[in-house]
Amino acid sequence: MELVPEAQHGNLVFHVKPNHTLLQSQFAIAGLVNAIHSNNLEGFEINQPENVLIIKQGLATCSLHVLDDNVLELLNTLGSQPPLKFIDPALLTALPSLFALDVVAGFTLHDDTSQGA
């Protein structure tokens, strides 16, 4: 984004990588997997809702990430590729979290002139 003039930041359209799946569960699925992998089920509570991002890595592995509601909503919103200026600014605070998860493939600039009259 450093190469895009600040005046154009609202026209950025982020593209999400296709190597992920979102899961909204009434149960702590990612927590269960982590508890099993760490061999520590003591105090684990399955009856906790979780938003889980499953990222496919290679042919046979994946990583699980628990998302808060804002990150989940932003990721869902970016999937329809709106320019940033049409996204609720409160959701945009979750952009650093998405960048850290490496689910953004890149961006293009939205062209307002191609909208027609």
* Same apolar cluster (I L V M F W Y, side chains within < 4.5 Å links), L22/V104 -> yes
* Asked: Who pairs with L92 by side-chain contact (heavy atoms from CB on, under 4.5 Å), at least two apart in sequence or on another chain?
  -> L74, L84, I87, L95
* Asked: Does the pair L12 and L109 meet the rule for a side-chain contact (heavy atoms from CB on, under 4.5 Å), with working shown?
  -> CA-CA 5 Å; L12 289 172; L109 280 174; 3.7 Å; yes
* Asked: Which residues satisfy the side-chain contact (heavy atoms from CB on, under 4.5 Å) test with I55, sequence neighbours excluded?
  -> N19, H20, L53, Q57, S63, H65, V103
* Determine which pairs satisfy salt bridge (charged side-chain N to carboxylate O under 4.0 Å, His left out) with at least one residue from residues 34-44, sequence neighbours left out, and list them in order. => none
Going by atom type alone, with no hydrogens or angles, which donor-acceptor pairs under 3.5 Å involve a side-chain atom of residues 30-39 and a protein atom two or more places apart or on another chain?
unit_1, atom_1, unit_2, atom_2, d
N34, ND2, A30, O, 3.3
S38, OG, N34, O, 3.0
S38, OG, A35, O, 3.3

* Structure fact -> Here the salt bridge (charged side-chain N to carboxylate O under 4.0 Å, His left out) pairs for residues 19-28, sequence neighbours left out, are none
* Supply the atom-to-atom distance T93 OG1 to N70 CG, rounded to the nearest 0.5 angstrom. => 5.5 Å
* With sequence neighbours left out, what residues match K56 under salt bridge (Lys or Arg N to Asp or Glu O under 4.0 Å)? -> none
* **Partners meeting side-chain hydrogen bond (donor to acceptor under 3.5 Å, both in side chains) with T108 (sequence neighbours left out)** => H15
* Asked: Hey, is the main chain of P82 close enough, under 3.5 Å, to the side chain of H110 for a donor-acceptor pair?
  -> no
* Test item: E50 side-chain N/O and I29 main-chain N/O as donor-acceptor pair under 3.5 Å -> yes
* **Co-membership, hydrophobic cluster, residues V4 and L98, 4.5 Å side-chain** => yes
* **CG on L75 to CG on L101, rounded to 0.5 Å** => 8.5 Å
* Please list, chain by chain and in numerical order, all residues satisfying side-chain hydrogen bond (donor to acceptor under 3.5 Å, both in side chains) with Q8, sequence neighbours excluded. => N11
* Residue list, side-chain contact (heavy atoms from CB on, under 4.5 Å) with E45, at least two apart or on another chain -> N47, Q48
* Partners meeting side-chain contact (heavy atoms from CB on, under 4.5 Å) with D88 (sequence neighbours left out) -> A90, L91
* How would you list all residue pairs meeting salt bridge (charged side-chain N to carboxylate O under 4.0 Å, His left out) that involve residues 57-76, not counting sequence neighbours? -> none
* Asked: Which pairs pass salt bridge (charged side-chain N to carboxylate O under 4.0 Å, His left out) with one or both residues in residues 9-20, sequence neighbours excluded?
  -> K17-D102
* **Beyond-backbone contact of V16 with F14, side-chain heavy atoms, under 4.5 angstrom** => no
* Asked: Can you name the nearest heavy-atom pair linking P83 to G10, along with the distance?
  -> CB-O, 3.5 Å
* Asked: Are F107 and L78 linked, directly or through other ILVMFWY residues, by side chains that come within less than 4.5 angstrom of each other?
  -> yes
